[in-house]
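All values derive from a computational prediction rather than experimental measurement.
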Amino acid sequence: MNELITTINDVIWSYVLIVALVGCGVWFTWRTRFVQFRMVGEMLRLLTESAVDTAKGTKHISSFQAFAVSVATRVGTGNLAGVATAIAIGGPGAVFWMWIIALIGSATAFVESTLAQLYKQKHKDSFIGGPAYYIQKGLKQRWMAVLFAILITLQFGLSNNSIQANTICGAMQEAFGWSPLWVGIALAAMALLIVFGGIQRIASVSSILVPVMAVGYIILAVVIIAMNIQQIPEVFKVIVTNAFGIGQIAGGGIGAAMMNGVKRGLFSNEAGEGSAPNVAATATTTHPVKQGLIQALGVFTDTLLVCSCTAFIILISGLYQVPELNGIALTQSALQSEVGNVGPIFVAIAIFLFAFSSIIGNYYYGEANIRFITDNSSVMTIYRLCSGGLMVVFGAIASFELVWNIVDFFMAFLTACNLIAIILLGRYAFRLLDDYRQQKKKGIKEPVFHRSQLPEIEDEIECWE
């Protein structure tokens, strides 16, 4: 069964999704007039201002908290184990393709998160929304919306959590010799305590964990890079030359480098996958574009910053050429070679924080989409037990290859479904961006959107009165 899933994944990723992801990213980049590059300053301004708003203790979900939850799911296993896997299988050139998919994919992230804000709905103390909502309201295709809701629940709420648990348990076993089963049970108990608390608790936990874990890991990486600064030109040379199959050191040439770079890049930054829009929709803001810009910044934070840190550490160590090393073990060994025996322990702690925050963030993606299908409380209880409990324990004891193959399988179909929707609805994101820019040109510091500004779909928009 594992071999069959591997074959299907290779066919889908080699011939369909790479072309679709890159094509959409290029189109959205061109159509938004390179929004991800031209408006970086505005992204940072919005993020810092919403962080101040969070500190005031308001009950709504701020843009910063929505950013923190989405980055919590992005910054996780993909950054430590995923990058290592991409390099081990596809060679150093996979890093180049991870960068490319992030640079152009950030425009895709902008479009999908802006649409999520446009079509969001009111829900208790916050809002709720995401691709399932803009597919149903924007495309008026209930069947497709339900299909997406099912796929994202299978992908994030269930299979993704098994990967997070698998990586945590592997890191703990490598560093401390702890039993994966018992670590998995402890993880499940902790996750269940939080997921039964709802999005407010998830947002609060993530807004604390994400900055701490990301900053700590980046500081360590910068120190290691500074200690080996003379190797950095060679590292860049190896990445670029291997990206095009030149001087291949590991992996299977340009095809393997591109496929693994795109797969692991998408798993890490999620641009186009349709996951981050579920959290983007929960934010309280004055204009849909604001959350679109902040989520585009999240892609940069994840791949160009955190993933690059891991890649540099691994390439500096040279251990990516050892066939026996893969996944989190490769990252731990690379750190050990640079900072000594404290390396595996640091990675174990970092991966715990990274992956645990991803578990609770992934859970919310499933919750938001199950609520889209049904309000049955029994269904939600079963899902919580499966997401925070059963799949965490399964991931702890399952094989490394099996959990990654399952995730790649569901990720392919989930991404394809979302890309179709945002291609068809993207024109509204473009119009919202034009409106935002025009208001900024008029000197309006905080642009405001009203649904009457899109009269042809005003009846389909619940919020923005």
Side-chain angles (χ1 to χ4, degrees), residues 12-40 42-43 70 74 96-119 130-135 137-139 141 144 148 151-152 243 258-259 261-278 280 288-300 302-304 411-438 454 456-457:
I12 295 173
W13 283 99
S14 298
Y15 300 106
V16 181
L17 270 186
I18 287 180
V19 175
L21 279 168
V22 174
C24 286
V26 170
W27 164 245
F28 289 139
T29 296
W30 174 260
R31 190 60 183 80
T32 59
R33 290 177 287 171
F34 301 87
V35 63
Q36 69 268 47
F37 306 118
R38 295 178 60 188
M39 300 188 72
V40 171
E42 181 69 0
M43 295 176 192
S70 63
R74 288 184 175 119
F96 176 85
W97 296 109
M98 290 181 74
W99 289 340
I100 294 299
I101 202 64
L103 288 171
I104 63 174
S106 54
T108 306
F110 166 80
V111 170
E112 62 183 359
S113 292
T114 300
L115 289 172
Q117 272 284 319
L118 177 65
Y119 287 103
Y133 294 82
Y134 58 65
I135 289 172
K137 288 190 170 187
L139 298 181
Q141 299 293 331
M144 185 177 175
F148 179 89
L151 286 172
I152 196 170
M258 183 181 294
M259 183 172 71
V262 171
K263 277 201 299 186
R264 298 286 75 85
L266 176 62
F267 177 81
S268 183
N269 65 52
E270 303 174 15
E273 195 174 357
S275 50
N278 293 275
V289 164
K290 288 185 175 182
Q291 190 58 209
L293 292 172
I294 286 178
Q295 293 301 329
L297 181 64
V299 174
F300 287 150
D302 172 87
T303 305
L304 299 184
M411 183 166 63
F413 291 100
L414 176 68
T415 304
C417 186
N418 183 57
L419 289 179
I420 292 171
I422 62 178
I423 288 172
L424 295 175
L425 295 172
R427 62 187 182 277
Y428 298 119
F430 306 150
R431 288 175 60 181
L432 288 169
L433 179 59
D434 289 340
D435 172 69
Y436 189 88
R437 283 172 166 161
Q438 289 172 8
L454 293 175
E456 69 272 31
I457 60 170

Approximate separation, where rounding is to 0.5 Å, of Asp435 CG and Arg437 CZ: 12.0 Å

Would a distance-only check, ignoring hydrogens and angles, find a side-chain to backbone donor-acceptor pair under 3.5 Å from Glu112 to Gly272? yes

Nearest heavy-atom contact between Leu419 and Ala20 is CD1-CB, 4.0 Å

Looking only at heavy atoms, which two atoms of Ala429 and Val111 are closest? And how far apart? CB-CG1, 4.0 Å

Min side-chain heavy-atom separation Tyr134-Leu139 under 4.5 Å: no

Of all the heavy-atom pairs spanning Pro277 and Ala116, show the shortest one and how long it is. O-CB, 3.3 Å

In this structure, OG1 of Thr415 is separated from CZ of Phe148 (nearest 0.5 Å) by 8.5 Å

In short, Gly274 meets Pro131 closest at the heavy-atom pair O-CG, 3.3 Å

What is the distance from atom CD1 of Ile135 to atom CG of Asn418, rounded to the nearest 0.5 Å? 6.5 Å

Evaluate the side-chain proximity of Gln117 to Lys290: yes if any heavy-atom separation is below 4.5 Å, no if none is. no

Taking the side chain as every heavy atom from C-beta outward, state whether Phe110 and Met39 have any pair of such atoms under 4.5 Å apart. no

Taking all non-hydrogen atoms of both residues, which atom of Tyr436 and which atom of Val289 are closest, and how far apart? CG-CG1, 3.7 Å

Looking at every non-hydrogen atom in both residues, tell me the closest pair between Ala280 and Gln295 and how far apart they are. CB-CG, 3.9 Å

Can you confirm whether Arg31 sits close enough to Leu433 that some side-chain heavy atom of one is under 4.5 Å from a side-chain heavy atom of the other? no

Under 3.5 Å, side chain of Arg33 to main-chain N/O of Trp30, donor-acceptor pair present? no

Heavy atoms, side chains only, cut-off 4.5 Å: are Tyr133 and Asn278 in contact? no

Beyond-backbone contact of Leu414 with Glu273, side-chain heavy atoms, under 4.5 angstrom: yes

Looking at Gln36 and Thr29, would you say the former's side chain and the latter's main chain have a donor-acceptor pair under 3.5 Å? no

Student check: side-chain heavy atoms of Tyr119 and Tyr428 closer than 4.5 Å: yes

Validation row: Ile457, Leu118 side chains within 4.5 angstrom (heavy atoms): yes

So how far is it from Leu103 CG to Met98 CE, rounded to the nearest 0.5 Å? 12.0 Å

So how far is it from Ile422 CD1 to Thr108 OG1, rounded to the nearest 0.5 Å? 5.5 Å

CG-CE distance between Leu151 and Met144, expressed to the nearest 0.5 angstrom: 10.0 Å

